[in-house]
Amino acid sequence: MSNTPPILDPVELEQAARNYGTPLYVYHAERITYQYAKLSKAFQSSNAQFFYACKALTNVNILKVILDLGAGLDCVSIHEVRLGLHAGFKPQQILFTPNCTDLDEYIAAKELGVHINIDNISILEQFGNRFGSGYPVCIRLNPHIMAGGNFKISTGHVDSKFGISIHQIRHIERVVKTTKLKVTGIHMHTGSEIKDIGVFLEGLEVMFNLASHFPDLEFIDLGSGFKVPYQPGDSETDIDTLGSRVSEAFHRYENETGRKLQVWFEPGKYLVSQSGYFIVKANVIKQTPATVFVGVNSGFNHLIRPMFYEAYHHIINISNPHGAERIYTVVGNICETDTFAWDRKLNEVREGDLLVFHNAGAYGFEMSSRFNSRLRPAEILFKDGRAHLIRERDTFEDLLKGQIEI
Ligand SMILES: *Cc1c(COP(=O)(O)O)cnc(C)c1O
């Protein structure tokens, strides 16, 4: 594996925009491969398995790239499970980790034969009463560790709706014992963008302490939260150090207890964020008493992360790379405040210029909508040096599709 990450250059991006129009999502298969190789290498001395958290980006062609890498899928809805099976994953390569879904959805997942991760005592009890020792399950626990900087993306705190509190372990044990459920895995996922690897290691110790309650345990799932850099100079989770510390911890646990467990991870962002680029066109340059706005032909209907999470996405003007740097506020074209970036230095932007958002692979297209009756963008996948159209741009007919005129 080469040490420089594969990137798409402005010429390739400009050509894609010329051929397929804007706004346009562009993904780079080789970058996904590169990210996966980094992850596998970091955890090579652990008995590790990776399940791509596909809610980040579910285009079937992306799922097939993941399948070819040998990874599994983490799915949060029965439809993601079906997409995974459609893409060619075997049921045992799929982990179903929903929350607040009803028993019927768990039963559907069981019938499809995938791994099931249960995140509340009500379902644990119902599933156990129904299937007992007949179908193994994993239990999602909340270790009460605060992780990540942003409340919206942190899931391990006490107010979180995710997982079963570790303080309810006695209740879990009662349900498991009475229903004879076979618990083969315990899981935690404390949030996204965890810079501090101590959070994973602390969580792992909590999981090891609880493992003694589960004699059938085969794996500990540490979820995800691997951070990637968004701003220039931004840090990312130190996965090499994490990899060796996790491996040490599992070997120590094995020596102490004689139990050999696998470690599972569910990376979403880490695999696909940097593989994605979002290309928009500057529609208008608008001077106000306060700032210079660049109004582009998109909005939070296509990329919601800046408005929803206050996320930073690096933006580059590929049409005027040598233009003088000016300060802009980049906004969208929908009738709602939809600011992509305040006070951003860009090479001078002229109407018609193409701007590229970086890190657009994860939670970009996937969280898009047709708000304002605007059409969702097309998606392109660069693979082996070729651009493939993997989703058509919406058409006007898509706005009417499914509507019944009475
Ligand atoms: C969203 C999610 C992930 C992936 O999180 P990233 O920050 O994208 O890596 C993993 N596991 C579960 C259960 C999730 O809900």
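First listed ligand is number 1; within each ligand, the first listed atom is number 1. These values consider heavy atoms only, across backbone and side chains, with no hydrogens, waters or symmetry-generated copies. Throughout, numbering of the chain's residues begins at 1 and tracks the sequence.
- Annotation: atom 7 (O) of ligand 1 to nearest protein heavy atom, S192 OG, 2.5 Å.
- R252 has a carboxylate O that lies under 4.0 Å from a charged side-chain N of E205, or vice versa, which qualifies the two as a salt bridge.
- The ligand atoms of ligand 1 that sit less than 4.0 angstrom from a heavy atom of T97 are 13 (C).
- Atom CG of residue L95 and atom CG of residue D221 lie 6.0 Å apart, to the nearest 0.5 angstrom.
- The shortest N or O to N or O distance between F226 and ligand 1 is not under 3.5 Å.
- Contact annotation: K227 has no heavy atom less than 4.0 Å from any atom of ligand 1.
- A heavy-atom separation below 4.0 Å is found between Y363 and ligand 1.
- Residue D74 has at least one heavy-atom neighbour below 4.0 Å for each of these atoms of ligand 1: 11 (N), 12 (C), 13 (C).
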How far apart are the C-alpha atoms of S244 and E248, what are their side-chain angles, what is the distance that settles it, and do they pass the side chain to side chain donor-acceptor pair (under 3.5 Å) test?
-> CA-CA 6 Å; S244 51; E248 277 162 31; 4.8 Å; no
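- The side chain to side chain contact (heavy atoms under 4.5 Å, CB included) search around K227 returns E193, K195, D234, T237, not counting sequence neighbours.
- In the candidate list K55, E266, H189, K55 is nearest to atom 2 (C) of ligand 1, counting heavy atoms.
- If you look at Y270 and F265, their ring centroids are not closer than 6.0 Å.
- To the nearest 0.5 Å, atom CG of residue L261 and atom CD of residue E218 are 9.0 Å apart.
- Every atom of ligand 1 with a heavy atom of R140 under 4.0 Å away is listed here by number and element: 13 (C).
- In this model, no donor atom of one side chain and acceptor atom of the other lie less than 3.5 Å apart for S40 and Q44.
- Residue contact check: S224 has heavy atoms under 4.0 Å from atoms 4 (C), 5 (O), 6 (P), 9 (O), 10 (C) of ligand 1.
- Looking at A53, P267, C54, it is A53 that brings a heavy atom closest to atom 4 (C) of ligand 1.
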